[in-house]
Amino acid sequence: MERLKLVLQYFQSNSESISNGICIVLALVSVKLYTSFDFNCPCLPQYNKLYSLGVMIVPPIILFFLGVLVNRHTGVMMDEWMRPVGNRSKNPAVVKYLFSAMLQRALLAPMVWILVTLLDGKIFICAFSVSVDPVLFSGLPNNTGLDVIKIMAKVPCKEDIIFRNSSFRKAVSRYVRCYSQAVGWSILLFLIVLGSMGRLIKPCFDDQATSLQTRYWSNYLDVEQKLFDETCVLHARDFAQKCVVQFFEDMREDTVHCLPHPRFITNCQMEWEDEEEERLHGVSKQEQVDRLLNKWYYNKPELDVTRIAHRPRVCVTWKDGDGKTLYSDV
C-alpha cells in the first residue's frame, strides 16, 4: 500500500510521467480495440483494398489526434507559441522541444495499432490477396464459374463455399501473412534502430548546455502554468467565499447583543481574516481581477526573482528602560 501511494504521488507531481502514462494507456487501448474489433473483409475486388486501408489508417489518425488532445505538452506549447512577447522574450528552442515531445508521445498509440495489424496479417490478406499470382499454388477452384480475380478476392472469407475442403485458401493466406509479418517486424526493427541511433548520435552534434537549458525552461513553463492554475483556484475560492458571506451579512438585520467575547476567539478570528486577506493579495474587485489576468496574458513576469531574494527583512530588537539591548531577532 505504501508503494502504491509513492507511485501515485510521483505521477501526481510529475506531469511528464503523467503524459507518458496516458500514452501507454492509449497504446494498450489500441491493442484492446483491435483484438475486440470484428474484422469482416467484403471479399469483393473493388472494396477489399479500400476497406483494409481504411481500417489500417483511420484508427491511427483518431488515436494520434486523441494523443495530441490529452497531452499536457500541447497546451503548454500552444500557450508559449501564441502568447504576446510582453516582458518576457520567446525561446523558439523551447517550443520546438515541446512540439517534439508532444509528437513522440502522440505517435505511440498509432504505431502500436499499425504494428499489431501487420503482425496479425488479416488486414494485409484482405487488401492484397488479389495481387497474389494463383499459379504459385495448387488447388485453385476452377469449377465455380468465377474469374480468377473474384476467386482471389474471396480468399479472406474462409466460410465461403468455394473454399470448402480446399488447401488453396490456407496456402495463399499463409503466404500473404508472412509478407505482412515481415513488413511489421521490419518497421519495428527500423524504429528501434532509429531511436537507438538518435540517442547515441544526438549528443555528438547538440550543445549539451543548450539542450539542458531547453529542458529546464520547458519544465519551468509546465510548472508555472500548473502553479498559476492552482493559485487562481485558491484565489477564486476565497473571493467567492467573501462575496457569499458579504451577501448574507447584508441580508441580516441590525441587532445588538451584549455578551462577553473571549479574547482568544477574537485573536483567532483576526488571524483567520489576515490569512484570508493574504490569499486575496489585495485583489478584491472584479475589475482588479480582470486587469490582473489581462496583465498575466499580455505581460508575463520577467524571469528575475532578485527582488524577492534580496528584499529587506524586518528585524525586531527588545530594549530595557535604559536603552540597553536585551534581545535582537536578526
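We count residues from 1, following the sequence as given. Everything quoted here is computed from the prediction, not taken from an experiment.
Considering all non-hydrogen atoms of both residues, Asn87 and Glu302 come closest at O-CB, 3.8 Å. Closest approach of His73 and Asn71 over heavy atoms only: N-OD1, 3.0 Å. When all heavy atoms are compared, the tightest approach of Met152 to Pro134 is SD-CB, 4.0 Å. Leu119 and Gln181 get closest at one heavy-atom pair: O-NE2, 3.1 Å. Heavy atoms only, all atoms of each residue included: Leu63 and Ala109 are closest at CD1-O, 4.0 Å. Scanning all heavy atoms of the two residues, the minimum distance from Met77 to Met102 falls at CE-CE, 4.1 Å.
Within a 6.0 Å radius of CD in Gln208, other residues, nucleotides and ligands contribute more than 12 heavy atoms. Atom OH of Tyr179 has 12 or fewer neighbouring heavy atoms from other residues, nucleotides or ligands inside a 6.0 Å radius. Summarising the local packing, OH of Tyr47 is surrounded by 12 or fewer heavy atoms from other residues, nucleotides or ligands at distances under 6.0 Å. The 12-atom threshold is not exceeded at NZ of Lys202, counting heavy atoms of other residues, nucleotides or ligands nearer than 6.0 Å. Counting non-hydrogen atoms of other residues, nucleotides and ligands closer than 6.0 Å to CZ of Phe137 gives a total above 12. Within a 6.0 Å radius of CD1 in Ile149, no more than 12 heavy atoms belonging to other residues, nucleotides or ligands are found. Atom CZ of Phe65 sits in a sparse spot, with 12 or fewer heavy atoms from other residues, nucleotides or ligands closer than 6.0 Å. Dense packing is recorded around CH2 of Trp296, with more than 12 heavy atoms of other residues, nucleotides or ligands lying under 6.0 Å away.
Not a single donor-acceptor pair under 3.5 Å links the side chain of Ser100 to the backbone N or O of Tyr97. Remark: the backbone N or O of Val176 is not paired with any side-chain donor or acceptor of Ser180 at under 3.5 angstrom. No donor-acceptor distance shorter than 3.5 angstrom exists from the side chain of Gln104 to the backbone of Ala101, with no hydrogens or angles considered. Counting only distance, with no hydrogens or angles, the side chain of Lys90 and the backbone of Val85 share no donor-acceptor pair below 3.5 Å. Between the side chain of Asp120 and the backbone N or O of Val116 there is no donor-acceptor pair closer than 3.5 Å.
In this structure, Leu189 shares a hydrophobic cluster with Val193, Met197, Ile201, Phe205, the cluster being traced through Ile, Leu, Val, Met, Phe, Trp and Tyr side chains under 4.5 angstrom apart.
Within the 4.5 Å cutoff, the side chain of Arg88 has heavy atoms near those of the Pro301 side chain. Looking at Val55 and Thr117, their side chains never come closer than 4.5 Å, going by heavy atoms from C-beta outward. Between Leu69 and Thr74, every side-chain heavy-atom pair lies at or beyond the 4.5 Å cut-off.
Ion pairing between Arg83 and Glu224 fails under the 4.0 Å rule for side-chain N and carboxylate O.
Judged as a side-chain hydrogen bond (donor to acceptor under 3.5 Å, both in side chains), and not counting sequence neighbours, Tyr297 has no contacts. Partners of Thr210 under the side-chain hydrogen bond (donor to acceptor under 3.5 Å, both in side chains) rule, at least two apart in sequence or in another chain, are Asp207.
Between Cys41 and Cys126, the sulfur-to-sulfur (SG-SG) separation falls under 2.5 Å.
Under the 30°/60° scheme for interplanar angles, the aromatic rings of Phe239 and His235 are found to lie parallel.
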Next on the checklist: Pair Tyr51, Ile123 - check side chain to side chain contact (heavy atoms under 4.5 Å, CB included), show working.
Outcome noted: CA-CA 9 Å; Tyr51 177 72; Ile123 294 179; over 6 Å; no
